[in-house]
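What you are looking at is a predicted structure, and each value in this text was computed from that prediction instead of being measured.
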Amino acid sequence: MARGMVIVGAGECGGRAALTLRDLGYAGPVTLVGDEPHLPYERPPLSKDAMVSDAPEIRAIASDEVLAEKSISHIHSVQAMAIDREAHKVRLSDGSVLPYDKLLLATGSTPRKLPMPGLGARCVYLRTFADALAIRAHLHTGSRIAIVGGGFIGLELAAAARKLGAAVTVIEAQPRILMRGVPAEIAEIIHDAHVAEGVDILCGDGIASIADDGSEARVTLAGGREIVADLAIIGIGAVPVTGLAAEAGLAIDNGIAVDAQLRTGDPDIFAAGDCCSFPLAVYGGRRVRLEAWRNAQEQGVLAAKNMLGAGEAHAAVPWFWSDQYGLSLQISGLSDEGRSIVRRDLGDGAFILFHLAEDGRLVAASGIGPGNAVARDIRLAEMLIAKRAKPAPDALGSQTVKLKSLLAA
């Protein structure tokens, strides 16, 4: 069998990498390996459109026809079991072996499990399309939904469940929702929007126990309150899928450790997307791991380029977004980097918080507002962050100063 490019992980990142290899003119074998039965698909709709749709559908990255046209072999419903680095081969769960010239690990992440007994069929996680279908079946008028975790996924599911008439309780052990990466002032807006829609949000109280008898789940909080639900959805974060890499002797550091070109310690093995940690140049080489749709896209493309020898370093600024109740939350950069915050009011309840480092550099911008109210300014802020700009705080906060003028300066 001819060697070629093998990609383990047929999600957003892996799918984009396979397509990019062909777009860049690579003519050798390209094999995409995935453990789900579906075509490569986008995951963000799973907590949004798939939840409120009467007939949820996969949003595929490419059709069977496109994959065939580009001569991309998609092996689905199998797992990669082992990597033989010396022989340059990957062994799959069906017993087959794939030889490779270059290997990309785009294994993604998996939901963090709640470490306690009592979880049964009524306690579920969201990661795959099959998970989404199972959850969607319980979202209707009269159903009782408990959501453990007040992060993006939990809150997006809460919004969808309320839209369909379910009674929703969100349980967050931290003092507030969206503790990781979202400023308190913006988290408060999201919190109030959920409360106005009838969501019961309980913060600062951990879970003492869960009793799941298969027909309902009883969640007892540390403070003594009991929540009875037809379904308990657990959304307490995600962990990178690193087992395959670790067993092959590759370095692990909050994910598969790669350099700025997404190379592991083995020059013929790359890693990209949710599964890897990498140095972020715009923050002085700080090693980060990002769970974000656009990062998966960008790194899939970058990995493909570098598998072909481009030698291009990662230079993108992180970007995150969430839509809930007509509000759009967008963040460029890493908000935990900033020490001072400047507010820019845009009208109609929309505003942006600019995060500045001690040396005056703009390091993040966090915005919220109806529809696309903050989208343009967040994009301009992203460009300022990439340029390591030090705009005057007064100019950032002024509605009369266009951010585009600061970028030109």
Parallel, tilted or perpendicular, judged at 30° and 60°: which one describes the rings of Phe278 and His314? tilted
Would you check, one step at a time, whether the test side chain to side chain contact (heavy atoms under 4.5 Å, CB included) holds for Leu346 with Asp348? CA-CA 7 Å; Leu346 303 177; Asp348 295 327; over 6 Å; no
Please check if atom NZ in Lys89 has more than 12 non-hydrogen atoms from other residues, nucleotides or ligands closer than 6.0 Å. no
In plain terms, say whether Glu197 and Lys163 are close enough for a salt bridge, that is, a side-chain N and a carboxylate O under 4.0 Å apart. no
After noting the C-alpha distance and the side-chain angles of Val124 and Ile234, does the key distance pass the side chain to side chain contact (heavy atoms under 4.5 Å, CB included) rule? CA-CA 6 Å; Val124 299; Ile234 300 167; over 6 Å; no
Salt bridge flag under 4.0 Å for residues Arg91 and Asp84: no
Can you tell me if Asp23 and Thr20 form a side-chain donor-acceptor pair at under 3.5 Å? no
Check the surroundings of atom CZ in Arg376: do more than 12 heavy atoms from other residues, nucleotides or ligands lie under 6.0 Å from it? no
Answer with yes or no whether the side chains of Ser93 and Gln79 bring together a donor and an acceptor at under 3.5 Å. no
We want to know whether Arg127 and Tyr125 form a side-chain donor-acceptor pair, criterion being a heavy-atom distance below 3.5 angstrom. no
Hey, mind stepping through Leu202 and Val170 against side chain to side chain contact (heavy atoms under 4.5 Å, CB included) and telling me if it holds? CA-CA 6 Å; Leu202 309 176; Val170 173; over 6 Å; no
Do NZ/NE/NH1/NH2 and the carboxylate oxygens of Lys102 and Asp268 come within less than 4.0 Å? yes
Pair Glu12, Gln297: side-chain N/O donor-acceptor within cut-off below 3.5 Å: yes
Any chance the side chains of Asp94 and Ser96 put a donor and an acceptor closer than 3.5 Å? yes
Has the side chain of Tyr283 got a donor or acceptor atom that lies under 3.5 Å from a matching backbone atom of Val363? yes
Indicate yes or no: does Glu382 engage Arg294 in a salt bridge with an N to O separation below 4.0 Å. yes
Could you walk me through whether Asp266 and Thr264 satisfy the side chain to side chain donor-acceptor pair (under 3.5 Å) test, starting with their C-alpha distance in whole Å, then the side-chain angles of each, then the deciding distance to 0.1 Å, before giving a yes or no? CA-CA 5 Å; Asp266 186 319; Thr264 68; 5.4 Å; no
Without hydrogens or angle criteria, can the side chains of His88 and Asp101 be said to hold a donor-acceptor pair below 3.5 Å? no
Between Ser335 and Glu337, a side-chain donor and acceptor under 3.5 Å: no
Under the side chain to side chain contact (heavy atoms under 4.5 Å, CB included) rule, what do Arg59 and Asp49 come out as? Steps first, then yes or no, please. CA-CA 10 Å; Arg59 188 179 295 175; Asp49 297 346; 2.9 Å; yes
Lys48 charged N/C atom sitting above Trp293 aromatic ring, 6.0 Å / 45°: no
What I want to check is whether the side chains of Trp319 and Gln330 have a donor and an acceptor closer together than 3.5 Å. yes
Under a 3.5 Å distance rule, please check whether Gln299 uses its side chain to pair with a backbone N or O of Gly273 as donor and acceptor. yes
Looking at Arg16 and Gly300, would you say the former's side chain and the latter's main chain have a donor-acceptor pair under 3.5 Å? no
Is a side-chain donor-acceptor pair under 3.5 Å present for Tyr41 with Glu36? yes
For Lys387, does the NZ atom have more than 12 heavy-atom neighbours from other residues, nucleotides or ligands under 6.0 Å away? no
Would you call Arg22 and Glu69 a salt bridge, using N to O less than 4.0 angstrom? no
Under a 4.0 Å threshold between the charged nitrogen and the carboxylate oxygen, would Lys402 count as salt-bridged to Asp377? no
Checking Asp253 side chain against Ala257 main chain: does a donor-acceptor pair fall under 3.5 Å? no
